[in-house]
Amino acid sequence: MKYKLDKNEIKNKLLEIVSSDQLLIDSLMRDHTTFRIGGPADFIVFPESEEQLADISAFCKSNDIPVFLMGNGSNLLVRDGGFRGVMINTRQMNTVVTEGTRVTAQAGASLRAVAQEALAHSLSGFEFASGIPGTIGGAAIMNAGAYGGEMKDVVAKVHLMTADGRFETVDGADCHFGYRQSRMRDAGEIVTAVELTLTPGNADAIRAKMKELNQRRRDKQPLNYPSAGSTFKRPEGYFAGKLIQDAGLKGYQVGGAEVSQKHSGFVINADNATAADVLQLIGDVQHKVKAQFGVDLEPEVITIGEDTRDEN
Ligand SMILES: Cc1cc2nc3c(=O)[nH]c(=O)nc-3n(C[C@H](O)[C@H](O)[C@H](O)COP(=O)(O)OP(=O)(O)OC[C@H]3O[C@@H](n4cnc5c(N)ncnc54)[C@H](O)[C@@H]3O)c2cc1C
């Protein structure tokens, strides 16, 4: 990819918006994703405010520089050649405040931190999300869910930046939440903050529920290996993990990537897997499940970046 500006000019322009400790150059995406896979991103910026976010986006847009918005990278597979463009990481925008039953979190707040805030205020309804390793922005975009709960149930309002740079607030009911879907995802909008409406509850009961759900996760999921969670969406009328297991693919390996022995719905990075290993394994699993059961498995994990890096 050839930029209109040279890389040094891009760096200097970004440093007019953010400070040097908010900018990484050529940093490996394996250090920024839960899969621990991925080549270098040309630039990663960590905005601390909506103004910085807007300025970075406007600068990239006017110079035709590709932008990708990420939270905790817990649903991402970045290819081995890395990412050409500016990766905007929301992790520094992470304030969480509570007023009554309303918890408002900036996009980069971790779901764990938001769940702890709800617990501290004896607010119930967010326990389901406490063990999902993402940010609230990523969870809103994906309508993340677990154990019978989903973001859709608790989101009162989403604050966002539209693709053309306007800030808007949208009611939860207008977010068109579906299975791992939202209007923000469809429209390429950036979530800047999320307001949740929760229910007054009992702190001990909330804590006990979070503990129980997290224990269930540890019992069922291969949390001791890097992964991006469930690799495939749940196909209508089936469970992806069961189909994969029934196809005899439990423990199936390509290079360092493996269908988890503990939970066949998870592809794990068992031993220095490359993105190419994971993508080949995903393709093999799709092919075999289709051949045996006639079911199409659609990845839930989002793949970005390039296979190789051309010098620019
Ligand atoms: C061990 C493990 C367990 C998991 N369990 C679950 C589970 O139970 N349920 C579940 O639903 N998911 C689960 N996941 C997947 C993942 O944690 C969720 O999808 C999570 O919501 C992703 O959040 P993130 O901040 O990491 O997003 P990222 O992975 O960084 O990004 C995911 C997508 O969201 C977009 N995005 C992120 N932030 C923003 C923003 N502020 N504005 C606009 N777009 C944004 C990105 O562009 C990308 O398209 C699990 C993952 C792991 C590793």
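Every value quoted in this text rests on a predicted model; they were computed, and no experiment measured them. Ligands are counted one by one from 1 in listed order, and the atoms in each one are counted from 1 as well.
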**Prompt:** Is there a side-chain contact between F83 and E306, using heavy atoms and a 4.5 Å cut-off?
**Reply:** no
**Asked** Any idea which of L223, I132, V194 brings a heavy atom closest to atom 12 (N) of ligand 1?
**Response** I132
**Request:** Would you mind listing which atoms of ligand 1 come within a distance below 4.0 Å of any non-hydrogen atom of A107?
**Result:** 41 (N)
**Request:** Report yes if some N/O of F266 lies less than 3.5 Å from some N/O of ligand 1; otherwise report no.
**Result:** no
**Asked** Could an N or O of ligand 1 be found under 3.5 Å from any N or O of V191, whether backbone or side chain?
**Response** yes
**Message:** Tell me whether K2 is salt-bridged to D64, with the criterion being a basic N under 4.0 Å from an acidic carboxylate O.
**Reply:** no
**Item:** Over-ring placement of K7 relative to F43, 6.0 Å and 45° cut-offs
**Value:** yes
**Prompt:** Does a side chain donor of either S19 or Q22 reach within less than 3.5 Å of an acceptor in the other side chain?
**Reply:** yes
**Prompt:** Cut-off 3.5 Å, side chains only: do T162 and E189 have a donor facing an acceptor?
**Reply:** no
**Request:** Compare G145, A144, A146 and give the one whose heavy atom is closest to atom 9 (N) of ligand 1.
**Result:** G145
**Asked** Is the NZ or CZ atom of K288 both under 6.0 Å from the centre of the six-membered ring of F293 and within 45° of that ring's axis?
**Response** no
**Asked** Mind checking whether N75 has an N or O less than 3.5 Å away from an N or O of ligand 1?
**Response** yes
**Complete:** Counting heavy atoms under 4.0 Å, the part of R185 that contacts ligand 1 is neither
**Under-4.0 Å heavy-atom contact with ligand 1, by part of A139 that carries it** = both
**Message:** Would S74 count as a polar contact of ligand 1, with the cut-off being nitrogen or oxygen pairs under 3.5 Å?
**Reply:** yes
**ligand 1 contact on I302 by region, counting heavy-atom pairs under 4.0 Å** = side chain
**Asked** So between I88, L76, L69, whose heavy atom ends up nearest atom 39 (C) of ligand 1?
**Response** L69
**Prompt:** Is the Lys NZ or Arg CZ of R234 less than 6.0 Å from the centre of Y179's six-membered ring, within 45° of the axis?
**Reply:** yes
**Asked** Between A129, S182, G131, G134, which one has a non-hydrogen atom sitting closest to atom 23 (O) of ligand 1?
**Response** G134
**Asked** Using heavy atoms and a threshold below 4.0 Å, how should the contact between A228 and ligand 1 be classified: side chain, backbone, both, or neither?
**Response** backbone
**Request:** Classify the angle between the aromatic ring planes of F126 and F128 as parallel (below 30°), tilted (30 to 60°) or perpendicular (above 60°).
**Result:** perpendicular
**N72, any N or O under 3.5 Å of ligand 1 N or O** = yes
**Complete:** So for M184 against ligand 1, with non-hydrogen atoms under 4.0 Å, the contacting part is neither
**Prompt:** Quick check: does R217 get an N/O under 3.5 Å from an N/O on ligand 1?
**Reply:** yes
**D219 and R217 ion-paired at < 4.0 Å** = no
**Asked** How does T135 reach ligand 1, by side chain, by backbone, by both or by neither, if only non-hydrogen atoms under 4.0 Å count?
**Response** both
**Item:** Y225, OH atom: more than 12 neighbouring heavy atoms under 6.0 Å
**Value:** no
